[in-house]
Amino acid sequence: MSVFGYIRFSYFGRSDARLARQTADDETRFRALYADRRMEERFYFFENLTLPSLRAQTDPDFQVLVLASNVMPDRYKARLATAIADIPQVDVLYCDAAHVTDAINPAMGDMTAGIKENTVHFRLDDDDAICCDMVARLRARAPHAQPDELITYPNGFYLTHWDGAPHLVRKFEPYIAIGFAFVNRPGQIRNPYQCKHGSHYRLVPTSMDPRPYAYIHCAHPSSDTRDAQDRKFRNALKHDVHYGSERARNRIASTVQRRFPGFTLEGLEALISNAPGVAGHMPAHAGRSMEEGVAALPR
């Protein structure tokens with residue numbers, strides 16, 4: 001069974017990202033999307049959280065497309081190429097399509113052409129992580145899937161910096177976008193960005209496996225859903241009476257080391273504490289000007 005993943009990386013076209021939904025003017029959106037502060041944050045988590053989780057997959061037989069836009073400033077294209085250079089399963093697709101689905105679907109057709117079995121297609125944000133056996137689990141489920149089935153893993157962790165301190169909290173969220181996957185029949189073109197992941201279960205069969213801690217959901221200053229996630233975090237603290245105890249901390253530390261090789265609880269706390277938007281430091285480089293980028297926008 002073939003497994004494919006998709007990551008939007010500061011995609012300029014229309015998508016379900018908040019910036020794309022709320023900003024219609026191309027020039028304003030370009031300036032906001034490729035602002036130095038925002039891009040430094042995105043690269044920080046992409047390089048230090050997302051990509052390490054892909055390198056750690058126990059099943060190396062997968063392909064991930066990073067969706068980016070042709071108008072992305074050249075210095076960021078160069079940094080993106082460097083970031084993925086040692087991961088042969090990851091490629092960047094630069095595109096001018098108006099919507100992320102219009103970029104993914106033609107590529108999906110090319111990648112799956114001639115495959116005579118079910119294929120699995122999952123999504124991952126550029127600031128989150130998946131567990132080390134996510135690909136293996138998706139591959140194992142695919143042969144048994146019903147037509148049009150989606151797969152979801154609701155158990156994971158929430159990483160945030162709140163009230164002056166780092167936190168890694170156990171989280172349960174059915175149909176979360178991280179690792180959200182479609183099982184497609186041969187010849188079927190359907191990508192996991194072309195639906196509302198929180199409600200699509202009303203329309204298709206669902207496979208939900210709550211057993212593994214399957215993801216690390218990261219919230220930071222430039223996160224699209226930061227405000228909503230902070231509310232969920234406060235609610236989680238109210239219901240987790242053991243949070244903060246030495247026993248709970250030890251259990252979390254053990255799970256992190258087992259499910260996310262290369263990471264530790266202390267390391268994740270340091271990761272969020274030292275993030276550009278949290279620590280307050282800014283990138284020093286300048287590079288291509290916004291005026292040059294705006295001039296390159298499709299008209």
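Computed from heavy atoms alone, side chains included, the values below leave out hydrogens, waters and symmetry copies.
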Distance-only, no hydrogens or angles: does the [X] side chain make a donor-acceptor pair with backbone N or O of [Y] under 3.5 Å?
X	Y	result
Lys171	Leu159	no
Glu117	Arg185	no
Tyr175	Met208	no
Ser254	Arg251	no
Thr50	Asp126	yes
Asn118	Ala142	yes

If the plane angle is over 60° it's perpendicular, under 30° parallel, otherwise tilted; pick one for Phe9 and Phe46. tilted

Name the orientation class of the two ring planes belonging to Tyr158 and His217 (parallel below 30°, tilted from 30 to 60°, perpendicular beyond 60°). perpendicular

By salt bridge (charged side-chain N to carboxylate O under 4.0 Å, His left out), which residues pair with Asp163, not counting sequence neighbours? none

If the test is salt bridge (Lys or Arg N to Asp or Glu O under 4.0 Å), which one of Arg31, Arg42, Arg75 qualifies with Asp36? Arg75

Contact summary for [X] and [Y], nearest pair of heavy atoms:
X	Y	value
Asp127	Cys218	O-CB, 3.1 Å
Arg55	Ala83	NH2-O, 3.4 Å
Asn191	Tyr193	OD1-N, 2.7 Å

Looking at Phe182, I'd like to know if the NZ or CZ of Arg190 sits under 6.0 Å from its six-membered ring centre while staying within 45 degrees of the ring's axis. yes

Can the positive tip of Arg29 be found less than 6.0 Å from the middle of the six-membered ring of Phe12, inside 45° of the ring normal? yes

Kindly compute the distance separating CE (Met134) from CD1 (Ile151), expressed to the nearest 0.5 Å. 9.5 Å

With rounding to the nearest 0.5 angstrom, report the CG to CZ distance, Leu124 to Phe180. 14.0 Å

Can you list the steps and then say if Tyr215 with Tyr153 is a ring-ring contact (aromatic ring centres under 6.0 Å, His included)? CA-CA 8 Å; Tyr215 60 83; Tyr153 297 96; 9.3 Å; no

Taking side chain to side chain donor-acceptor pair (under 3.5 Å) as the definition, give me every residue that meets it alongside Ser2, ordered by chain and number, with sequence neighbours left out. none

